[in-house]
Amino acid sequence: MTAPATVTPRSSAELIRAEEPVLAHNYHPLPVVVAHAEGVWVEDVEGCRYLDMLAGYSALNFGHRHPALIEAAHRQLDQVTLTSRAFHNDRLAGFAEGLAQLTGLDMVLPMNTGAEAVESGIKVARKWAYEVKGVPADRATIVVAGGNFHGRTTTIVSFSDDPTARDGFGPFTPGFRVVPYNDLAALEAAVDETTAAVLIEPIQGEAGVVIPDDGYLTGVRELTRRAGCLFIADEIQSGLGRTGTTLAVDHESVRPDVLLLGKALGGGIVPVSAVVACREVLGVLRPGEHGSTFGGNPLSAAVGSAVVDLLATGEFQRRAAELGEVLGSGLAALTGKGITGYRARGLWAGVDVDPAIGTGREISERLMREGVLVKDTHGSTIRLAPPLTITQEELESALASLAKVLA
Ligand SMILES: *Cc1c(COP(=O)(O)O)cnc(C)c1O
């Protein structure tokens, strides 16, 4: 064994300063440097503890280092971690079977990041449009919603309407039509014989947890069926227990043709994403037409299977639904007392802070000093999305901290 190099431990402030010249400035993190985490708690370099009310944008739905997930990863590390899809691996069949069963769909295309799942969904929908629907070559369109967030690749930012995400990154990929979210008439008007798919988030996370009216998802389902195009639901953030059901579309008992999953699918350990779809759609792909070196690797498949097993118990969905009541009533009590409004479903809320009290960023910094980590979005909105393993007491203490910083 080689002796560990002696390094002088660096403070949080030193580490933050050290990042500045060597790390791209594409984020503006809160000034907390996490060195350890367990469950809903993270600990910084100095040993201060914080309640994680962001949970990696829902990548940590099961908390940090959930024992069942860590065990699955450890076990797999001692077997085989990467094969590439040039060969089969003994974990992939079980992962795909479990995910298909959990979602009620037929087939799985394993990828890694959320953006890759979205890109893959777009490619599959276009191929389906040409081969099954009969759209003339290179004419396929995909209808998306304003305020969307589907990731950061060049094609995906091509249909974003957020100037920060787009400006300076053109030229953009054609073939997308943007209509207002939660507007079935606008959607109906945008869909035509070239439309391969309607791609929406059942709840818009980055936009500030924007929840459409009851009936919207049912309307999208009926409209797309009538128009003979696909319904693609991006559940990368809304899915896998967050809203009190396995999927956000379950609130209206709607089954999309294509489901995009990511974030929590990797259990907070490895990036795992997937396109899950009916056979008629994913069946259009043939060998060589799409792929990923890391997609479906045995480590990811083992962790993904363990995630599916946790969700199959229904416990996390139930917790999100029950504790969502606590979250909702806590936020209702604060309305008019520092918050001007909120939108919540399950353990997920977008909270509009009274701009007179501070920006979302300022409130996030004040909450950090109270030992609670959240993230702001769009000016004066903060987003609450704790691990689904949070206890009622912990949730109530986070709400008490919020009340304190708003007072
Ligand atoms: C986070 C997110 C993505 C992109 O996922 P990455 O893993 O960051 O590429 C796509 N869609 C939605 C709805 C998301 O929340």
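Just so it is clear, the values below take in all heavy atoms, side chains as well, and ignore hydrogens, waters and symmetry mates. In this text the structure is predicted, and so the values were computed from the model without any measurement. Whatever order the structure lists ligands and atoms in, that order sets their numbers, starting from 1.
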Give every donor-acceptor pair under 3.5 Å between a side-chain atom in residues 338-349 and any protein atom, sequence neighbours left out.
unit_1, atom_1, unit_2, atom_2, d
Thr340, OG1, Asp352, O, 3.3
Tyr342, OH, Gly328, O, 3.3
Arg343, NE, Gly208, O, 3.0
Arg343, NE, Val209, O, 3.2
Arg343, NH1, Asp352, OD2, 2.8
Arg343, NH2, Gly208, O, 2.9
Arg343, NH2, Asp352, OD1, 3.2

Name every donor-acceptor pair, under 3.5 Å, that has one atom in a side chain of residues 263-275 and the other anywhere in the protein, sequence neighbours excluded.
unit_1, atom_1, unit_2, atom_2, d
Ser273, OG, Asn112, N, 3.1
Ser273, OG, Asn112, O, 3.4
Ser273, OG, Thr113, O, 2.7

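Of all heavy-atom pairs spanning Ile142 and Ala196, the tightest one is CG1-CB, 4.3 Å.
Here the protein heavy atom with the shortest distance to atom 4 (C) of ligand 1 is Ala115 N, 3.7 Å. In terms of protein heavy atoms, atom 11 (N) of ligand 1 is closest to Asp234 OD2, 2.7 Å. Here the heavy atom of the protein found nearest to atom 14 (C) of ligand 1 is Lys263 NZ, 2.9 Å.
Residue Gly114 has at least one heavy-atom neighbour below 4.0 Å for each of these atoms of ligand 1: 4 (C), 5 (O), 6 (P), 7 (O), 9 (O). In summary, the atoms of ligand 1 found under 4.0 Å from a heavy atom of Ile236, numbered by their order in the structure, are 2 (C), 3 (C), 10 (C), 11 (N), 12 (C), 14 (C).
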side-chain contact (heavy atoms from CB on, under 4.5 Å) between His150 and Leu260, intermediate numbers included | CA-CA 10 Å; His150 296 286; Leu260 308 177; 5.6 Å; no

Worked check of side-chain contact (heavy atoms from CB on, under 4.5 Å) between Thr246 and Thr103 = CA-CA 8 Å; Thr246 301; Thr103 56; 5.7 Å; no

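For atom 6 (P) of ligand 1, the nearest protein heavy atom lies closer than 4.0 Å.
Using a 4.0 Å cutoff on heavy atoms, Phe149 counts as a contact of ligand 1.
Any N or O atom pair closer than 3.5 Å counts here, and Gln237 shares at least one such pair with ligand 1.
Checked for salt-bridge contact, Lys133 and Glu193 miss the test: no charged N lies under 4.0 Å from a carboxylate O.
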